[in-house]
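Heads up, the thing below is written out as structure tokens.
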Amino acid sequence: MPIVTTNCEYDAARALLRWYAEMGVVETVDPSPTDFYSWRALPPPSEPTYSQPKQVRNAPSQPEPVEASVDEAIAAAEASAAGCANFEALEAAVRAFDGCPLKAGARNTVFTDGVPGSDLLVIGEAPGRDEDRIGKPFVGRAGQLLDRMLAAIGRTRSENVLISNIVYWRPPANRTPTAFEIALCRPFVDRLIEITAPKAVLIAGGASLQALLGVTGIMRARGVWREIETANGQRAPALPIFHPAFLLRQPGAKRLAWADLQSLANRLKEH
Ligand code: URA
């Protein structure tokens, strides 16, 4: 990138960067080609750094310190979550957990909102700008639609639903959380399910579907009941549904979401 020398160039560069950020650009690339094959031959970094967890890592031979720090970070999350006997302890553990790199860029930890003893648990993707500012999940436009959807089946945050996400800190520029960030939060998500033992988990959106059930393709998976199994082997019925942000963009899909909500309401009534 050319070196910026004058105020005018500085303002133009700043405006351009802001525009990129607003357009959702989250990666920068070099103007000249990079030989990615030569990366593997580089010496290991002197400081341990985070990388992708084992199952999503694509470079076969990562240096030892990187692997160790990934496994250690996940093991720390597992140990912290396993030590929580109740909801309050779990909330405190999530707030105290410093192992997820997202936390450094977030204003708030966004854990849950609603009633912890509810028989319905909604799990979305990640906090966005409004959630990060306020510290509660689903408070922006998508959250307001979620509230209306839940209200249609007699559920409100003040009475009978608990809402959370697969990660507890806002990813930069609202990008999808990485597999590593998801893996770090997963022990807490599992423990939340174990502690609150909901009769149903409503999985909002494709990213949450993939993270919780390992299933891709929300278009085909929505409306089909499955089971989430936690690390301890506890099971909970789970229903994937379109993410409310998707429904804001595609109002025509609300018809299908309505059918899914009916299925949820019937299930909760049955049990
Ligand atoms: N979208 C989500 O998936 N979760 C939130 O908390 C907000 C928006």
Side-chain angles (χ1 to χ4, degrees), residues 21-22 24 26 87 90-91 94-95 97 100 102-103 105-116 118 120-151 155-158 161-186 188-190 192-193 196 198 200-219 221-223 228 238-251 253-254 256-257 260-261 264:
E22 279 167 11
V26 291
F87 179 83
L90 184 62
E91 174 160 18
V94 169
R95 293 188 186 284
F97 184 66
C100 181
L102 288 177
K103 190 175 186 179
R107 283 200 227 173
N108 271 305
T109 297
V110 178
F111 182 47
T112 64
D113 192 26
V115 180
S118 305
L120 174 60
L121 173 63
V122 179
I123 304 186
E125 183 179 322
R129 194 186 51 180
D130 294 324
E131 291 76 20
D132 183 43
R133 189 166 48 83
I134 292 170
K136 288 183 179 177
F138 281 104
V139 292
R141 278 188 68 221
Q144 287 156 21
L145 176 56
L146 176 66
D147 284 347
R148 292 198 294 279
M149 290 162 69
L150 292 171
R155 300 278 163 167
T156 63
R157 296 180 195 230
S158 58
V161 64
L162 184 68
I163 301 175
S164 193
N165 280 308
I166 51 168
V167 298
Y168 304 116
W169 297 276
R170 181 194 184 192
N174 295 341
R175 63 159 169 72
T176 302
T178 65
F180 178 45
E181 292 153 0
I182 292 169
L184 280 167
C185 294
R186 181 66 198 256
F188 299 107
V189 176
D190 274 8
L192 181 66
I193 294 169
T196 59
V201 178
L202 190 63
I203 298 176
S208 318
L209 170 72
Q210 183 162 13
L212 295 171
L213 296 175
V215 171
T216 51
I218 187 69
M219 291 294 175
R222 57 137 283 275
I228 292 184
L239 182 68
I241 189 172
F242 287 138
H243 195 285
F246 171 77
L247 295 174
L248 287 172
R249 293 192 302 273
Q250 301 283 334
K254 284 184 183 170
L256 295 171
D260 299 343
L261 286 170
L264 175 66

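Each ligand, and each atom within it, is numbered from 1 in the order the structure gives.
Under 4.0 angstrom from ligand 1, the non-hydrogen atoms of Glu131 all belong to its side chain. Residue-level proximity to ligand 1 for Ala142 is absent, since no heavy atom of it falls below 4.0 angstrom.
Side-chain atoms of Asp132 come within 3.5 Å of backbone N or O of Arg107 as a donor-acceptor pair.
In this structure Phe97 satisfies the ring pair (Phe, Tyr, Trp, His ring centres under 6.0 Å) test together with Phe188, sequence neighbours excluded. Applying the side-chain contact (heavy atoms from CB on, under 4.5 Å) criterion to Thr176, with sequence neighbours excluded, gives Glu125, Ala207.
For the pairing with Cys185, the side-chain contact (heavy atoms from CB on, under 4.5 Å) check across Asn165, Leu102, Asp190, Val167 returns one residue only, Val167.
Counting atoms of ligand 1 from 1 in the listed order, those under 4.0 Å from a heavy atom of Gly124 are 3 (O). Those atoms of ligand 1 that come under 4.0 Å of a heavy atom in Pro137, given as number and element, are 6 (O).
Shown here for Ala238 and Ile228, the closest heavy-atom pair between the two residues is CB-CG1, 3.6 Å.
Atom 4 (N) of ligand 1 has as its closest protein heavy atom Asn165 OD1, 2.8 Å.
Look at Ala126 and you'll find a heavy atom under 4.0 Å from some atom of ligand 1. At least one heavy atom of His243 lies less than 4.0 angstrom from ligand 1.
A 4.5 Å side-chain heavy-atom check between Val189 and Ser164 finds every atom pair outside the cut-off.
On a distance-only criterion, Phe138 and ligand 1 share at least one N/O pair closer than 3.5 Å.
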